[in-house]
Amino acid sequence: MKIIFYIVAGILIFFGVLFIWGAFDPSAPDGWIIVGVISVAIGLGLIWLATRLKRSVAGDTNVTVKVDLPSNVSMDTFKCQSCGGALTPENVKMVAGAPVVTCPYCNTSYQLKEEPKW
Ligand SMILES: [Zn+2]
């Protein structure tokens with residue numbers, strides 16, 4: 001999907017540059033430089049969009065992990081590794097894509113291990 005953005009962007013930039021180049025010819029119509037600049041701008045915009053798409057997909061994965069976590073870890077078995085205090089999903093924060101527990105009782109922070117799904 002993303003490759004289409006790059007191909008279209010490449011074509012737009014290619015023709016945009018051709019139009020700008022052609023606009024330097026005295027016989028070229030006045031509108032060419034504008035068409036060329038707009039084509040290049042749209043092409044660059046598509047590349048920017050494609051890089052953003054990649055990032056938003058990665059962001060969605062993090063959200064999914066965050067949503068899955070409370071259902072995987074049931075409230076009664078979810079206890080602090082250090083002091084055994086009962087923790088809530090509110091004590092779990094995503095740090096660099098990994099769930100990190102901060103215990104409100106003993107103030108310990110540790111990375112939550114992923115529970116097997118079977
Ligand atoms: Zn604790």
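Order of appearance sets the numbers: ligands from 1, and atoms from 1 within every ligand. Numbering of residues begins at 1 and proceeds along the displayed sequence. What you see is a predicted model, and the numbers here were worked out from it, not measured in a lab.
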Problem - Sidechain-backbone polar pair: Tyr110 side chain, Gln81 backbone, donor-acceptor under 3.5 Å - result: yes
Completion exercise
Near the Zn ion (ligand 1) (protein N/O/S, cut-off 2.8 Å, waters excluded) we have Cys80 SG, Cys83 SG, Cys103 SG, Cys106 SG
Practice task
Following the transitive rule for hydrophobic clusters with a side-chain heavy-atom cut-off under 4.5 Å over Ile, Leu, Val, Met, Phe, Trp and Tyr, establish whether Val35 and Ile11 coincide in one cluster.
Solution key: no
Nearest 0.5 Å, please: how far is [atom2] in [Y] from [atom1] in [X]?
{"X": "Leu46", "Y": "Thr51", "atom1": "CG", "atom2": "OG1", "value": "10.5 Å"}
{"X": "Asn91", "Y": "Tyr105", "atom1": "CG", "atom2": "OH", "value": "7.5 Å"}
{"X": "Thr102", "Y": "Lys93", "atom1": "OG1", "atom2": "NZ", "value": "6.0 Å"}

Handout entry: Audit row: Cys83, Thr108, side-chain contact (heavy atoms from CB on, under 4.5 Å) steps and yes/no
Key = CA-CA 9 Å; Cys83 70; Thr108 314; over 6 Å; no
